[in-house]
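In the text below, chain A, chain B and the rest are named by the order of the sequence lines, each starting its count at 1. Side-chain atoms are counted along with the backbone in the values below, which use heavy atoms only and exclude waters and symmetry mates.
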Protein chains: 4
Amino acid sequence: MQQDNQITIFGNVGTTVDYRDVNGIPRAIFRMGSTPSVRDWAGGGWRDLETVWISVKVFRTLATNVSNSIKKGDPVVVTGRIRNDVWEDKNGEKRERFVLEASLVAHDLNRGASSFRRVDRTVTLAAPSPEDRDVLDSLEKSAASAPAA
Amino acid sequence: MQQDNQITIFGNVGTTVDYRDVNGIPRAIFRMGSTPSVRDWAGGGWRDLETVWISVKVFRTLATNVSNSIKKGDPVVVTGRIRNDVWEDKNGEKRERFVLEASLVAHDLNRGASSFRRVDRTVTLAAPSPEDRDVLDSLEKSAASAPAA
Amino acid sequence: MQQDNQITIFGNVGTTVDYRDVNGIPRAIFRMGSTPSVRDWAGGGWRDLETVWISVKVFRTLATNVSNSIKKGDPVVVTGRIRNDVWEDKNGEKRERFVLEASLVAHDLNRGASSFRRVDRTVTLAAPSPEDRDVLDSLEKSAASAPAA
Amino acid sequence: MQQDNQITIFGNVGTTVDYRDVNGIPRAIFRMGSTPSVRDWAGGGWRDLETVWISVKVFRTLATNVSNSIKKGDPVVVTGRIRNDVWEDKNGEKRERFVLEASLVAHDLNRGASSFRRVDRTVTLAAPSPEDRDVLDSLEKSAASAPAA
């Protein structure tokens, strides 16, 4: 078995999806947040843990379908591989951040209904809202890196 | 950590969804098939393995949303727990079959687009096609068993 | 993404490991049982669900290391792919059973300690106890089938 | 279904295990690295992706067994939940890092053999090598945060 890693995360999409062509390959990125809750044995109810935020990046057909399907606020499940995104910040210090390169993105039917359609590949590029523009721009650098084979 | 098991399966829904009220709890069942493929290193392409068929059972809100969302033929991902379904066949021999009690059912966006909507809980019971009736009837017995807490 | 399935199961090894050479490929098989428990909200403790039993089959280096490491009763975690094992029983009826073709077998450190060593490949074939012989013999047929690439 | 996340990572332990008592709860931390490889279709072999490094934190019985079992360099599989570790760096900027709070740590039998023993709970605290001291010290702050219930 190869060394590898896999993550599955349930949560909500926190930005509009940024969809574009990167060197001929469709690519979509968005942020999602997950707020796990654990049983509060003392109180008898549930207690929220801190929210985990992660950037999700997808390529090719999945990117196209994601841009046609996923809206800000949607409850989703995402599965993929964690990759390191390393850069130098303005102080010259090495910074790193995990990016989830997804092989699955799907609406969570625990939280609503979805209707499915097989689609042709022609899509128009999404226009992110201004308020999401900054977040997405900061993800641009990593978007330029090559996807895994 | 408790002993437990978890399975995730990608494939296609092979029957209409049977949705009904079992002792006051919404319950949906369907069959799904998964046909893994492996690299054919000699030929340079892919080679299909045998199809695995499994019965999927869901309860409560997820059952209602599944009945409102999933159609025969849809590409889905399902995650849940394997449970034993044991019975005696007509020769008096003990038979067993695994049933996947699902905590997630979702359309696979690798294979098309889905639109999501938050729904109210009022649903009409689905009417399975006659050709699926036999398959679903044979799942009835197991449907009567109590869901996990 | 290919259609596929993956299962992870925590439990205990229920037989000695049967290890042999099948057409030049090391192969090990054993049975394991998993007894999930769920919170009993009324009583405040835990309640056991029924035990799920499954046959586990491994090939090549993993098979050799499993035969050198795993003993009946050991607490393990096993990950792999479900495959159908189909045959005709003595009444001429088609029967089927799932077999877990594992890519990972490991001792669960939640339930004890393990010491690790890199091993050379020379192993002696294990001799299953007589009481496990019947169970393992019934798995033989499936052991003759070709492993996935 | 609750929102949640789960990660499984295969790799090698990169530090000695730091084991101590934190407010009466046994706690172990270590770093691990995973180097996925992907098929190089052009060349016919495999190509390594960049190594992903992550801090692993465990509590209670699992922490004790990990400190008794896991050595620097061991091939392991770790499963758990990603949690955010947020702090201010020396420039007053908010920094964050993911920590894997593990529910499973195990030796990977694909890469050697392990022998298992049920152990009593008495352990002596591990003494990290000086070269690992800095890495582990930088994890201290996060170790002080409360484990999930």
Self-check item: Structural part of Asp48(B) lying under 4.5 Å from a heavy atom of chain C
Solution: neither
Self-check item: CA sep, side-chain torsions, deciding dist, call: Glu93(C), Lys90(B), side-chain contact (heavy atoms from CB on, under 4.5 Å)
Solution: CA-CA 11 Å; Glu93(C) 282 190 79; Lys90(B) 60 179 188 266; 3.7 Å; yes
Quiz item: What are the two closest non-hydrogen atoms of Trp53(C) and Phe98(B), and how far apart are they?
Solution: O-CZ, 3.4 Å
Self-check item: Nearest-0.5 Å distance that lies between atom CD1 in Ile82(B) and atom CD1 in Ile9(C)
Solution: 8.5 Å
Quiz prompt | Shortest non-hydrogen contact between Asn5(B) and Pro36(C), atoms and distance | solution = ND2-CG, 4.2 Å
Quiz prompt | Shortest non-hydrogen contact from Asn84(C) toward Val52(B) | solution = ND2-CA, 3.7 Å
Quiz prompt | Thr35(C) backbone acceptor or donor facing Gln3(B) side chain under 3.5 Å | solution = yes
Exercise. Measure Asn91(B) against the heavy atoms of chain C and call it side chain, backbone, both or neither at under 4.5 Å.
Key: side chain
